[in-house]
Structures are given as structure tokens and as C-alpha cells.
Colleague: 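Shown below is the structure under consideration.
Order of appearance sets the numbers: ligands from 1, and atoms from 1 within every ligand.
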Amino acid sequence: MAVMAKRKILVVEDNDLNRSLLCEILKPEYDVVEAENGREALERLRQYAGDFSLILLDIVMPVMDGYEFLAAIKEDPKFDSIPVIVTTQNDGESEEVAALSCGAADFVAKPYKPQIILHRVASIIHLRETAALVNEFQFDRLTGLSSKGFFCRQVEEQLRQNPEKEYDIICSDIVNFKLINDVFGIPAGDRVLKAIAQCYTENTRGRGICSHFHADQFACMIEHRWEYEESMFQKAGAWINSISQTQSIVMKWGIYRIEDRNIPVEQMCDRALLAARNIKGQYNKYFAYYDEALRSRLLQEQEIVDSMEQALQGEQFEIYLQPKYRIKDSQMVGAEALVRWNHPKWGRQSPAVFIPLFEQNGFITRLDEYVWDKACAVLRDWEEQGLCPVPISVNVSRADIYNVDLPDILMKLIHKYHLPPACLHLEITESAYTENPRQIINTVNRLRELGFMIEMDDFGSGYSSLHMLHEMPVDILKLDMRFVQSEPVTQVNQEIMRFIVNLTHLMKLGVVAEGVETAEQLERLQEIGCECVQGYYFAKPMPVKEFELHLKKSGMGGR
Ligand code: C2E
Ligand code: CA
Ligand code: CA
């Protein structure tokens with residue numbers, strides 16, 4: 001039989017006889033530690049790191065009496081939760097009041113009656129232990145809402161008792177909670193959490209179960225309703241901001257309609273939270289439902305993330321090249337390197353599927369370096385084959401530009417493959433420029449000094465002002481394909497494109513139109529004086545070997 005460790009009790013009593021009497025009574029059930037006065041008792045507390053279930057304390061003692069001892073332990077957060085039973089000479093009411101007002105849990109009178117002592121001790125220990133359990137496990141201290149574990153049990157119970165009723169689980173998450181704690185401090189963070197708790201209780205009053213899971217996560221279960229509106233959640237967020245005096249928190253809410261009661265409550269909440277997280281970046285969207293479409297998408301995303309590392313090691317990523325042509329003489333003047341993922345199970349994957357995920361989790365910087373390396377290796381190989389090479393443009397994601405080592409990384413590649421920097425063009429999307437113009441401008445200036453050519457990608461898709469364009473260090477503008485492809489073709493649209501092209505001439509920039517798919521589109525571009533084009537009308541992105549055939553046909557290429 002396993003032996004449970006006995007609970008420890010500290011007996012503080014100056015009279016030897018009384019002390020041994022108490023010990024005799026307690027020893028069969030408890031592990032007893034003795035002390036002769038308050039000071040010694042404090043030493044024992046420290047020695048056992050406060051690991052006592054109870055203290056039996058004589059009030060009248062030399063050196064340090066019971067009152068002083070009580071005052072001392074109430075000051076110390078390590079010891080202040082240990083219950084104390086005070087022992088007194090007589091059953092007088094005044095002594096009882098004095099002891100209790102100093103924080104004692106109970107009191108027993110001398111002479112000691114074994115049954116009474118054991119009974120008191122057991123009941124005080126039990127009381128404290130269950131109270132601690134309730135506080136720790138059922139209710140969250142800060143907000144007073146149910147803890148996660150308790151919430152799950154309450155929900156199960158409610159579902160069991162009401163098999164005919166329908167319910168929804170709503171969870172919420174603060175997008176920028178860490179920031180709030182960091183910038184405004186923990187008390188401000190706590191104010192926010194309390195305001196959220198209040199919001200949940202007031203909006204579900206009497207009709208729901210609410211819980212504070214942990215950090216900034218809250219949940220509730222309420223009766224199912226068919227419709228939720230953005231405005232409800234927007235108002236709730238505004239109310240929380242005003243109550244907590246922050247003005248800056250952004251909350252997202254997720255709703256899981258309980259249809260299958262067999263899945264664990266915790267999983268239902270996870271699903272609601274996933275729905276909430278899924279709209280993190282979406283301005284003006286405050287809530288989302290968890291549905292099957294979301295479920296399968298998330299599963300797929302997880303699989304992608306799980307296999308990316310192995311894919312990089314296993315050379316599953318391959319670069320495709322798409323040619324760029326000069327309109328006036330149909331000469332091939334360059335190529336863009338676009339990554340493809342040859343997945344052993346799913347086949348060839350488009351970057352649209354995995355690049356956004358890699359941008360979120362940071363893996364993009366490693367994939368990009370891999371792509372740059374491959375592009376440089378191709379350039380080296382062309383040089384060695386005696387082909388007349390064209391420059392290759394590689395995509396540089398915003399995460400790369402924030403890396404202060406970017407110029408070094410690129411220079412190392414250039415040296416590794418003995419290439420002139422000008423044969424590597426760097427495509428940086430326009431929106432990256434607008435996000436953090438100062439830093440981007442500095443880095444890009446440095447890259448240009450080193451000899452790299454800079455192309456501003458997707459121009460016209462972001463919000464860079466013409467004034468800013470003037471300050472941007474760029475060599476070539478790539479017109480976003482929405483310009484070229486916009487339907488119906490209008491005079492205004494054509495004039496806007498003409499204006500931009502003229503501007504590039506004025507600023508002595510090159511210009512490439514992307515996404516050219518038809519002869520009409522090409523004609524229009526030609527009419528406004530656009531120099532270069534890239535698009536399916538000429539060629540789709542293709543494997544390097546295939547591209548080399550085009551290069552050979554093209555004869556005199558580029559630089
Ligand atoms: P992007 O940089 O704007 O690349 C152009 C995209 O347009 C490519 O899509 C290309 O295949 C496609 N495209 C080219 N001509 C036409 C056309 O005539 N019509 C249409 N509808 N599309 C055309 P892709 O290869 O799927 O790449 C999508 C995006 O993924 C790229 O957009 C780029 O932002 C990103 N990407 C691709 N490879 C890399 C990479 O190695 N690193 C990084 N950071 N991003 C990459
Ligand atoms: Ca690009
Ligand atoms: Ca583009």
C-alpha cells in the first residue's frame with residue numbers, strides 16, 4: 001500500500017509538559033515539528049519553507065509571544081496562508097477575540113482535550129485546503145470568472161441537463177495584448193482583463209457561463225442565436241476600451257456553434273479561438289464563425305508548416321523563371337525567379353499557397369536565401385555554358401529588408417558565385433516601402449551603392465504617394481497587373497497608365513508591365529510608351545532548363 005506523506009504541523013508552546021502533551025495527541029495523524037517560542041517557530045518555518053498545514057500557537061510565551069509571531073507571519077506572503085490555531089489559558093471571550101483579530105483561524109482552551117484538538121485541527125486543515133482548491137481551480141482570482149477547467153465542467157453539465165437546447169461558444173482574444181502589458185504596464189493589462197470580464201458578465205447575465213482561460217483569452221457559452229452582427233462586437237470592444245481607459249485594444253471574437261456534443265468542450269473552445277485568430281489581420285472584422293471550410297484550411301496550413309523544414313533540406317523547392325521582354329525589338333531582357341514547391345504528396349504547389357504562411361512564421365527569410373542562392377547558381381552556370389545571360393530578378397520579402405545583414409548576405413552570394421551585383425535584380429513590393437519608409441530607404445540605398453538593381457514590385461497596388469516615389473531609391477517600376485488587366489478598358493485607366501509611364505521617363509526609371517495576357521493589352525502598353533513586359537502572353541514561368549532554350553533562341557540577350 002502506498003503511504004501518503006503526513007501533513008506537517010508546527011507546535012509552538014513554551015511549556016514542556018503542554019508541548020509533549022500536544023505532540024502525543026497529534027503524532028499518530030500528523031508529522032509534528034516543535035518550537036519553544038515565536039522566534040524559534042519562525043526559524044522552523046523558514047527551515048521547512050513554510051510547508052506546514054497548520055500551526056498550533058500558544059499566545060503567552062517568553063522571547064516572542066504569540067501576537068508578535070502572528071504579526072510576523074501575516075507580513076510574509078510565503079507563510080500568511082498557513083492557518084493558525086491559538087491556544088489560551090482559559091476560555092475567555094476577550095482572548096478569543098484578540099487572537100482571531102490577529103489573524104488566527106480558530107482557538108482552543110487549555111487544558112487540552114485530545115478529541116477536541118484533533119477535531120479542530122482536521123476541520124481547519126480541510127477548510128483551508130478546499131478553499132484553496134476553489135480559489136485556485138474554480139475561479140480566476142483577477143476577474144472572478146470560472147477557470148478554464150471549471151468552465152468546461154459547467155458546460156458539460158449544462159449540455160447534459162438540456163439536451164434539447166442549442167448553444168454557441170464564444171471566445172475572444174486581444175490582438176495586441178502583449179503590447180498593452182509592455183507599453184502600459186501590468187496594472188493596465190489587468191484593468192483591461194477586468195473590463196473584458198465585466199463585458200462578458202453583463203452581456204450574458206443569467207443566460208450564460210463565462211470564463212477567463214488565461215492571459216487575454218475569455219470564453220462563454222450562451223444559447224444559440226442565428227445571427228450575430230459586427231456592430232455588437234465592435235460596440236463591446238469600444239466599451240472595454242473606455243472602461244479600461246486604453247483606447248488601443250483590438251479584440252477578435254470567434255463563435256463555435258455546438259452541433260456535435262461528443263467533442264470535448266476544450267476543443268470546442270479551441271475552434272472558436274481559431275476562428276477569432278483567423279481574422280487577426282482583418283480591419284473592420286470583429287468576429288468569425290468556425291466552420292468546415294476554416295477547419296480544413298487550418299489543417300492544410302498546419303501540414304504545410306510541419307513539412308517546410310524537411311522540404312528545404314530535401315530540395316523540394318525549385319525556381320521557375322519567367323522572361324521579361326522589351327517591346328520595341330521583342331528582345332528578352334531579364335527573368336523573374338518564382339519559387340515552386342514540388343511536394344511529394346500534393347504535387348507542385350503555387351507560392352500563393354505557402355508564401356503568405358512563411359511570411360507569417362518567418363520561414364520566408366530562409367526560403368528566400370535559398371532561392372537567391374539558386375538564382376546565382378543559374379547565372380554562374382550560364383556564364384560557364386557560354387550563354388549570353390540576362391539578369392535574374394529575385395523577390396525580396398519585407399522580412400528580408402528588416403534584416404540588417406541583408407547586404408552582407410547578398411554580397412556573400414555574389415562573391416561565392418563570382419558575379420557582378422548588377423546581374424541580380426531585387427524586387428521589393430511597393431507596400432513594404434510604405435510601411436516603414438525610413439528604414440527601407442536606408443537599406444535600399446545601401447544595396448544600390450553595392451551595385452544591385454532595385455525593382456519596385458506591384459506598383460499601384462499600395463498607397464505610395466507620388467511625392468514619396470520621388471524619394472524612393474528605385475531603378476525600375478513594375479506596374480501591378482491590375483492596371484494592365486483592368487476591365488472594362490476605359491479612357492481614364494489608359495490615361496492613368498500613360499501618366500505613370502511618363503513619370504518613369506521623367507524620373508529616368510525603367511518600367512515593366514506585369515500580367516500581360518493578350519495582344520490588346522500589349523498594344524495598349526505599346527501605345528503609351530511602356531518599354532518592357534512580362535506575362536502569359538509571352539511565356540509562363542518555366543523550369544530553368546526550358547528557359548535556357550528560350551535564352552538560346554533569343555540569341556543576343558541582355559546586359
Ligand atoms: P509577384 O512577385 O507579383 O510575381 C508575379 C506573379 O504573377 C507570379 O505568380 C507569376 O507567375 C504571375 N504571372 C506572371 N504573368 C502572369 C499573367 O500574364 N497573368 C497572371 N494572371 N499571372 C501572371 P506566382 O509565381 O504564383 O507568384 C505569386 C507571388 O508569390 C509572387 O508575386 C511573389 O509575391 C511571391 N513569390 C514567388 N516566388 C517568391 C520567392 O521566391 N520569394 C518571395 N518572397 N516571394 C515569392
Ligand atoms: Ca515579383
Ligand atoms: Ca508583382
Colleague: Would P541 count as a contact residue for ligand 1, given that I'm defining contact as a non-hydrogen atom of the residue lying under 4.0 Å from a ligand atom?
Modeller: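 It does, in that a heavy atom of P541 comes within the 4.0 Å cut-off of ligand 1.
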Colleague: Could you tell me, atom by atom, which parts of ligand 1 come under 4.0 Å of a heavy atom of R340?
Modeller: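 Atoms satisfying the 4.0 Å criterion: 11 (O), 25 (O).
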Colleague: F213 and ring pair (Phe, Tyr, Trp, His ring centres under 6.0 Å): which single residue from F151, Y200, F218 fits?
Modeller: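 Testing each of F151, Y200, F218 against F213, the sole residue satisfying ring pair (Phe, Tyr, Trp, His ring centres under 6.0 Å) is F151.
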Colleague: E336 versus ligand 1: do any nitrogen or oxygen atoms come within less than 3.5 Å of each other?
Modeller: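 In this structure, E336 places an N or O atom under 3.5 Å from an N or O of ligand 1.
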Colleague: Tell me, which protein residue and heavy-atom name are nearest atom 34 (O) of ligand 1, and how many Å apart are they?
Modeller: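 Protein heavy atom with the smallest distance to atom 34 (O) of ligand 1: N395 OD1, 4.6 Å.
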Colleague: The Ca ion (ligand 2) to E336: any N/O/S contact under 3.0 Å?
Modeller: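 Yes, since at least one N, O or S atom of E336 sits under 3.0 Å from the Ca ion (ligand 2).
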Colleague: Starting from atom 19 (N) of ligand 1, locate the nearest protein heavy atom and write down its residue, its atom name and how far away it is, to 0.1 Å.
Modeller: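 Its nearest protein heavy-atom neighbour is E517 OE2, 2.5 Å.
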Colleague: Atom 32 (O) of ligand 1: protein heavy atom closer than 4.0 Å?
Modeller: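 So atom 32 (O) of ligand 1 lacks protein heavy-atom neighbours under 4.0 Å.
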Colleague: Using a strict cut-off of 3.0 Å, how many protein N/O/S atoms surround the Ca ion (ligand 3)?
Modeller: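 Protein heteroatoms (N, O, S) closer than 3.0 Å to the Ca ion (ligand 3) number 4.
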Colleague: Do N241 and T246 have side-chain atoms, one donor and one acceptor, less than 3.5 Å apart?
Modeller: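 Present: a donor and an acceptor within the cut-off.
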Colleague: Counting only heavy atoms closer than 4.0 Å, does ligand 1 sit against the backbone of K540, its side chain, both, or neither?
Modeller: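 Looking at K540 and ligand 1, no heavy atom falls under 4.0 Å.
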Colleague: In terms of residue, atom name and distance, what is the protein heavy atom nearest to atom 30 (O) of ligand 1?
Modeller: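 Its nearest protein heavy-atom neighbour is P351 CB, 3.6 Å.
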Colleague: For L273, which of M268, Q217, K252 qualifies under side chain to side chain contact (heavy atoms under 4.5 Å, CB included)?
Modeller: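 For L273, the side chain to side chain contact (heavy atoms under 4.5 Å, CB included) test succeeds with only one of M268, Q217, K252, which is Q217.
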Colleague: Classify the contact between Q485 and ligand 1 as side chain, backbone, both or neither, using a heavy-atom distance cut-off of under 4.0 Å.
Modeller: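 For Q485, the contact with ligand 1 is made by the side chain alone.
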Colleague: Between D457 and ligand 1, which residue portion shows a heavy-atom distance shorter than 4.0 Å: side chain, backbone, both, or neither?
Modeller: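 For D457, only side-chain atoms sit under 4.0 Å from ligand 1.
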Colleague: Decide whether the shortest distance between a heavy atom of M481 and an atom of ligand 1 is less than 4.0 Å.
Modeller: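 A heavy atom of M481 does come that close to ligand 1.
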Colleague: Under 3.5 Å, N or O to N or O, is E359 touching ligand 1 that way?
Modeller: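 No, since none of the N or O atoms of E359 sits under 3.5 Å from an N or O of ligand 1.
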Colleague: Between Y286 and F233, does the ring centre distance come in under 6.0 Å?
Modeller: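 Ring centroids of Y286 and F233 are no less than 6.0 Å from each other.
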Colleague: In this structure, is the centre-to-centre distance between the rings of F354 and W341 below 6.0 Å?
Modeller: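 W341 vs F354: aromatic centres under 6.0 Å.
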Colleague: For ligand 1 and Q534, I'd like to know whether there is a polar contact (N/O to N/O, distance under 3.5 Å).
Modeller: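 No, there is no polar N/O contact under 3.5 Å.
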Colleague: Answer with yes or no whether K478 contacts ligand 1, where contact means a heavy atom under 4.0 Å from a ligand atom.
Modeller: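 Not so, K478 does not reach ligand 1.
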Colleague: Using a strict threshold of under 4.0 Å (side-chain N to carboxylate O), is an ion pair present between E315 and K374?
Modeller: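 Yes, this pair counts.
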Colleague: Taking Q322 for its side chain and A539 for its backbone only, find out whether a donor-acceptor pair lies under 3.5 Å.
Modeller: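 Yes, because the side chain of Q322 sits within donor-acceptor range (under 3.5 Å) of the backbone of A539.
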Colleague: Would you mind checking if K416 and D373 are paired as a salt bridge, meaning a charged N to carboxylate O distance below 4.0 Å?
Modeller: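 Here D373 pairs with K416 in a salt bridge, since their nearest N and O are under 4.0 Å apart.
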Colleague: Side chain, backbone, both or neither: which part of I364 comes within less than 4.0 Å of ligand 1 when only heavy atoms are counted?
Modeller: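 I364 to ligand 1: side-chain contact only, backbone stays beyond 4.0 Å.
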Colleague: Per the side chain to side chain donor-acceptor pair (under 3.5 Å) rule, which among E430, E455, E427 passes with K478?
Modeller: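 For K478, the side chain to side chain donor-acceptor pair (under 3.5 Å) check succeeds only for E427.
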Colleague: Inspect the contact between K285 and E230 and indicate whether a charged nitrogen and a carboxylate oxygen are less than 4.0 angstrom apart.
Modeller: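 Looking at E230 and K285, the cut-off is met.
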Colleague: Evaluate K552 against E548 for salt bridge (Lys or Arg N to Asp or Glu O under 4.0 Å), listing each step before the verdict.
Modeller: CA-CA 6 Å; K552 282 171 189 154; E548 285 173 0; 5.0 Å; no
Colleague: Quick check: do V390 and W382 have side-chain heavy atoms less than 4.5 Å from each other?
Modeller: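 Yes, at least one pair of side-chain atoms sits under 4.5 Å.
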Colleague: With no hydrogens and no angle check, do the side chains of E527 and Q494 hold a donor and an acceptor under 3.5 Å apart?
Modeller: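 Note: E527 and Q494 side chains meet the donor-acceptor criterion.
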Colleague: Kindly confirm or rule out an N or O of V339 lying under 3.5 angstrom from an N or O of ligand 1.
Modeller: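 Yes, there is a polar N/O contact under 3.5 Å.
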Colleague: Out of T365, V396, L338, whose heavy atom is nearest to atom 37 (C) of ligand 1?
Modeller: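 Minimum heavy-atom distance to atom 37 (C) of ligand 1 goes to L338.
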Colleague: With rounding to the nearest 0.5 Å, note down the distance linking CD in E471 to CG in N445.
Modeller: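 Going from the CD atom of E471 to the CG atom of N445 covers 10.5 Å.
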Colleague: On the 0 to 90° scale, with breaks at 30° and 60°, tag the F317-F358 ring pair as parallel, tilted or perpendicular.
Modeller: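 The rings of F317 and F358 stand perpendicular, inter-plane angle above 60°.
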